[in-house]
Student: 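My questions all concern the structure below.
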Amino acid sequence: MNTPITRFAPSPTGFMHIGGVRTALYAWMWARKHGGTFILRIEDTDKEREVPGSIEHIMETLRWLGLEWDYGPDKPGNFGSCIQSQRLDTYRAAAQQLVDKGLAYPDPYSAEEIDGFRRAAQADKRVFLFRDHRPKEFGAWDGTRPLRFKVPEVKRSHWHDAVRGELQAGEEALDDFILMKSDGYPTYNFAHIIDDQHMGITHIMRADEFISSTPKFLSLYEALGITPPVFVTLPPILREDKTKKLGKRDGAKDVLEYRAEGYLPEAMINFLALIGWNPGTPQEIFSREELIAAFDISGIHSHGGVFNEEKLRWFNKQHLSRLSNERFKEIIITPMVSSTTTAYYDTHQASHSTDAFVIDSKHADIWNKLTPIIRERIATAADFSAELNSGEYSYFFAPPKTTQIKTELLPNKSSSLTEALGYLQDARNLLAKADFSSADTLKSALWDYATEKGRGNVLWPLRYALTGKEKSPDPFTVAHIIGKEDTLARIDAALTLGL
RNA sequence: GGCCCUAUCGUCUAGGGGUUAGGACAGCGCCUUUUCAAGGCGUUAACCCGGGUUCGAGUCCCGGUAGGGUCACCA
């Protein structure tokens with residue numbers, strides 16, 4: 001096999017959804033696995049549908065996911081440009097060659113006339129085929145009329161697909177399709193074939209909606225004397241209700257939204273890789289490198305799959321707990337302490353260096369609590385501070401606004417409030433002498449006492465005093481993060497309110 | 001409707017003639033009396049239907065059914 005050259009060729013019509021990302025991912029993995037080339041090509045030949053800013057948005061999405069391209073809009077290499085609207089001369093020249101060879105001709109009909117043909121065919125219950133109306137003599141092509149391909153030979157098509165195997169289609173799949181539109185832009189059908197050849201693409205990864213137009217492509221490849229690349233048809237990603245392929249109009253999200261929600265790119269990639277491909281081993285969690293090593297076209301499925309966010313969350317959790325300290329600092333701590341400083345960090349920066357924080361935060365529970373904070377920060381960058389001070393995790397940054405202490409302190413019905421406050425007082429005395437350097441040292445300071453009195457009896461009121469929440473991380477973790485001073489102050493406040 | 005593709009737990013899937021049909025997510029139950037986007041143990045749950053080939057079919061073949069795709073001067 002030649003060194004693969006693959007491409008991802010989106011249209012700049014908005015954001016990228018998971019379907020597009022999955023296609024890009026497979027093309028990227030294949031190229032990387034074999035030391036090949038991955039090209040990002042922008043197919044902007046429909047100026048009507050183009051959405052400004054899409055190209056940058058697409059590039060940002062791919063960068064976030066770590067799918068670096070060797071050539072693209074920003075790195076044209078020797079291709080001149082990887083943006084189709086900047087390559088119009090190439091398509092015109094190729095079109096003219098076909099005209100010269102008698103293989104293309106200007107469409108002489110008006111839209112109304114074609115509509116008439118189509119309706120007549122429909123009334124007859126026949127398939128509408130433009131080639132049934134192919135003019136006897138071809139006029140000259142001046143670029144103002146749509147240019148159509150003259151299918152040289154109408155026949156049944158047979159071809160090989162690396163995933164689907166031997167495919168075929170009948171004669172009605174072949175028609176005189178449009179190569180160049182009257183606005184001077186090529187159609188997808190034409191442009192992608194010209195570009196793939198110019199760029200030396202060896203494998204085309206694309207979704208299964210192109211199966212039905214493959215006979216047209218084959219006919220054009222033949223007319224142009226091009227050996228077709230390897231077709232790698234990817235299975236569809238279906239909507240949760242399975243009634244439709246996932247698309248932008250059906251609730252498909254901008255993939256960058258997942259970033260804002262706290263998902264790690266490695267989790268997204270890992271999950272997407274496994275929808276439509278399987279390594280044949282029980283392994284589920286893959287690093288980027290492991291994916292590249294394990295990926296193979298032979299493991300791509302021919303049947304569709306549903307994108308299930310629950311499982312994505314699980315992948316995220318797995319990758320979260322595998323983050324290196326460096327990555328954790330990079331994506332969690334650094335954004336947290338940079339630009340928008342919080343009340344917590346303003347007052348505690350001195351006593352808790354970020355390094356110490358990272359090391360002590362190796363426990364997955366802390367990571368898990370911090371991630372949504374980051375999520376909120378990204379989503380509401382401007383008022384991050386306000387968000388945290390009033391948000392669900394406010395206890396990391398400010399004392400609970402509890403005004404009444406009563407039965408919430410009680411771990412179960414058998415305890416009394418007086419008893420609970422007694423435990424809390426004892427816990428306070430132990431904590432006053434405790435080593436706050438880690439959650440573990442705090443745990444050891446209290447553990448024997450808590451075990452003796454009943455862990456819930458002691459720890460539940462303590463946790464509540466610190467956070468004022470019915471659900472929160474364990475008290476040792478919280479006490480460590482907020483520090484000794486705040487911990488004792490919050491316990492005192494609770495004792496005061498309770499008595 | 002024509003053409004094309006697809007079919008294993010609710011979901012992602014393993015398994016490609018002999019399997020107690022395996023794993024993961026979700027669910028459910030119990031445990032961890034620190035309730036978390038934790039952890040542990042256990043558990044429910046699937047070969048679309050009908051024919052054929054075969055000693056034997058989830059697996060191969062045919063037909064049905066269902067779902068998806070496509071029939072544009074969209075990609």
Side-chain angles (χ1 to χ4, degrees), chain A residues 9-11 13 43-46 48-49 84 107 111 114 118 122 125-129 145-148 157 161 164 167-173 175 177-189 191-192 206-215 233 235-236 238-240 242-245 262-263 271 274-285 301-317 320-321 363-369 371-372 375 411-412 439 443 450 454-460 462-464 469-478:
Chain A
S11 293
T13 55
E43 309 216 320
D44 58 339
T45 56
D46 184 352
E48 302 265 314
R49 294 203 311 150
Q84 287 189 328
D107 182 338
I114 293 179
R118 186 172 285 123
Q122 214 161 30
K125 295 195 194 300
R126 282 183 293 114
V127 186
F128 168 67
L129 288 168
R145 302 293 309 163
L147 186 73
R148 285 187 183 265
S157 308
D161 185 286
R164 305 293 174 101
L167 298 178
Q168 50 177 299
E171 296 182 353
E172 59 290 323
D175 198 12
F177 61 97
I178 290 176
L179 303 171
M180 297 292 289
K181 298 184 275 187
S182 59
D183 64 2
Y185 285 94
T187 58
Y188 163 81
N189 295 334
H192 90 270
R206 63 182 160 200
D208 66 349
E209 72 249 31
F210 292 102
I211 291 180
S212 46
S213 37
T214 300
T233 296
L238 304 172
R239 274 200 320 201
E240 200 96 31
K242 270 188 150 178
T243 60
K244 211 163 189 291
K245 204 175 124 161
Y263 289 98
F271 181 44
L274 258 15
I275 299 181
W277 167 78
N278 188 280
T281 66
Q283 184 176 357
E284 297 225 55
I285 304 300
H301 302 139
S302 36
H303 61 267
V306 170
F307 176 85
N308 176 242
E309 261 191 51
E310 292 279 6
K311 194 146 188 180
L312 174 61
R313 285 160 62 90
W314 178 76
F315 275 104
N316 201 46
K317 194 164 65 188
L320 213 41
S321 66
H363 309 288
D365 53 0
I366 284 296
W367 292 7
N368 291 342
K369 289 322 287 183
T371 308
R375 172 173 71 200
N412 55 53
K443 184 172 179 175
R455 287 176 205 159
N457 294 336
V458 177
L459 300 176
W460 196 302
L462 177 59
R463 188 183 55 72
Y464 185 82
K469 299 275 184 187
E470 294 197 20
K471 295 184 180 185
S472 64
D474 65 87
F476 312 114
T477 298
V478 177

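Below, chain A is the first sequence line, B the second, and so on; all start at residue 1. All figures in this text were calculated on a predicted structure; none of them were measured in a lab.
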Student: Tell me what H192(A) touches on the nucleic acid: a base, only sugar-phosphate, or nothing, going by heavy atoms under 4.0 Å.
Tutor: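 The answer is nothing, as H192(A) stays clear of every strand by at least 4.0 Å.
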Student: At a cut-off of 3.5 Å, list every protein nitrogen or oxygen paired with a nitrogen or oxygen from nucleotides 22-30 of chain B, distance to 0.1 Å.
Tutor:
{"unit_1": "A24(B)", "atom_1": "O4'", "unit_2": "E284(A)", "atom_2": "OE2", "d": "2.5"}
{"unit_1": "A24(B)", "atom_1": "O2'", "unit_2": "E284(A)", "atom_2": "OE2", "d": "2.9"}
{"unit_1": "A24(B)", "atom_1": "O2'", "unit_2": "K311(A)", "atom_2": "NZ", "d": "3.4"}
{"unit_1": "A24(B)", "atom_1": "N3", "unit_2": "K311(A)", "atom_2": "NZ", "d": "2.9"}
{"unit_1": "C25(B)", "atom_1": "OP1", "unit_2": "W314(A)", "atom_2": "NE1", "d": "3.3"}

Student: When you compare U11(B) with U32(B), how far apart are their P atoms, in angstrom units rounded to a whole number?
Tutor: 35 Å
Student: Contact class for L459(A) vs. all strands (heavy atom < 4.0 Å): base, sugar-phosphate, or nothing?
Tutor: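 Contact class for L459(A): base.
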Student: Taking atom C1' in both U59(B) and U8(B), compute the distance separating them and give it to the nearest angstrom.
Tutor: 11 Å
Student: My understanding is that a pair needs two contacts under 3.5 Å, Watson-Crick or G-U wobble. By that rule, which nucleotide pairs with U11(B)?
Tutor: A24(B)
Student: How close do E284(A) and F315(A) get, heavy atom to heavy atom, and via which atoms?
Tutor: O-CE2, 3.3 Å
Student: I need a per-nucleotide contact map over nucleotides 70-75 of chain B, read 5' to 3'. Cutoff is protein heavy atoms under 4.0 Å; write B for the base, S for backbone only, - otherwise.
Tutor: S-SBSB
Student: Heavy atoms under 4.0 Å, any strand shown: does L167(A) hit a base, just sugar-phosphate, or nothing?
Tutor: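 Since only primed, P, OP1 and OP2 atoms lie under 4.0 Å of L167(A), the category is sugar-phosphate.
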Student: Given side chains that start at C-beta, do those of F271(A) and Y263(A) come closer than 4.5 Å, heavy atoms only?
Tutor: no
Student: Sort out the partner of C41(B) for me: Watson-Crick or G-U wobble, both distances under 3.5 Å, none otherwise.
Tutor: G29(B)
Student: Tabulated below should be each protein N or O lying under 3.5 Å from an N or O of nucleotides 58-67 of chain B; please produce it.
Tutor:
none

Student: Checking contacts here: which listed nucleotide (C3(B), U13(B), U34(B)) is nearest the side-chain heavy atoms of E172(A)?
Tutor: C3(B)
Student: With C1' as the reference atom in both, quote the distance from C12(B) to A26(B) in angstrom, rounded to an integer.
Tutor: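 So the two C1' atoms sit 11 Å from each other.
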Student: Just wondering, do D107(A) and I114(A) contact through their side chains at under 4.5 Å, heavy atoms?
Tutor: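 Contact flag for I114(A)/D107(A) side chains = yes.
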Student: Taking only side-chain N and O atoms of H301(A), does any of them lie within less than 4.0 angstrom of OP1 or OP2 on A14(B)?
Tutor: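 Yes, H301(A) has a side-chain N/O under 4.0 Å of OP1/OP2 on A14(B).
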Student: Partner of U19(B) by Watson-Crick or G-U wobble geometry, both contacts under 3.5 Å, or none?
Tutor: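 Partner of U19(B): none.
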Student: Classify the glycosidic conformation of G22(B) as syn or anti, calling it syn when the angle lies within 90° of 0.
Tutor: anti
Student: Does any part of the side chain of L274(A), heavy atoms only, come nearer than 4.5 Å to the side chain of K311(A), both counted from C-beta?
Tutor: no
Student: Do K181(A) and P146(A) come close enough that some side-chain heavy atom pair is under 4.5 Å?
Tutor: no
Student: Base, sugar-phosphate or nothing for G280(A)? Non-hydrogen atoms, less than 4.0 Å.
Tutor: nothing
Student: What I'd like to find out is whether the side chain of E43(A) reaches to under 4.5 Å of the side chain of S11(A), using heavy atoms alone.
Tutor: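 The answer is yes, as the side chains (C-beta and beyond) meet within the 4.5 Å cut-off.
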Student: About how many Å separate OG1 of T13(A) and CD of E48(A), when rounded to the nearest 0.5 Å?
Tutor: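 If I round to the nearest 0.5 Å, the distance is 13.5 Å.
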Student: Hey, which of these two, I275(A) or A169(A), hits RNA chain B nearer its 5' end, going by closest nucleotide?
Tutor: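 By nearest-heavy-atom nucleotide position, the 5'-most residue is A169(A).
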Student: For residues E171(A) and L129(A), determine if any side-chain heavy atom of one lies less than 4.5 Å from a side-chain heavy atom of the other.
Tutor: no
Student: Under 4.0 angstrom, heavy atoms only, what part of the nucleic acid is Q168(A) near: base, sugar-phosphate, or nothing?
Tutor: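 The answer is sugar-phosphate, as Q168(A) gets under 4.0 Å only of primed atoms, P, OP1 or OP2.
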Student: What is the base-pairing partner of G67(B), counting Watson-Crick and G-U wobble geometry with both distances under 3.5 Å?
Tutor: C5(B)
Student: When all nucleic acid strands are considered with a 4.0 Å heavy-atom cut-off, which category describes K125(A): base, sugar-phosphate, or nothing?
Tutor: nothing
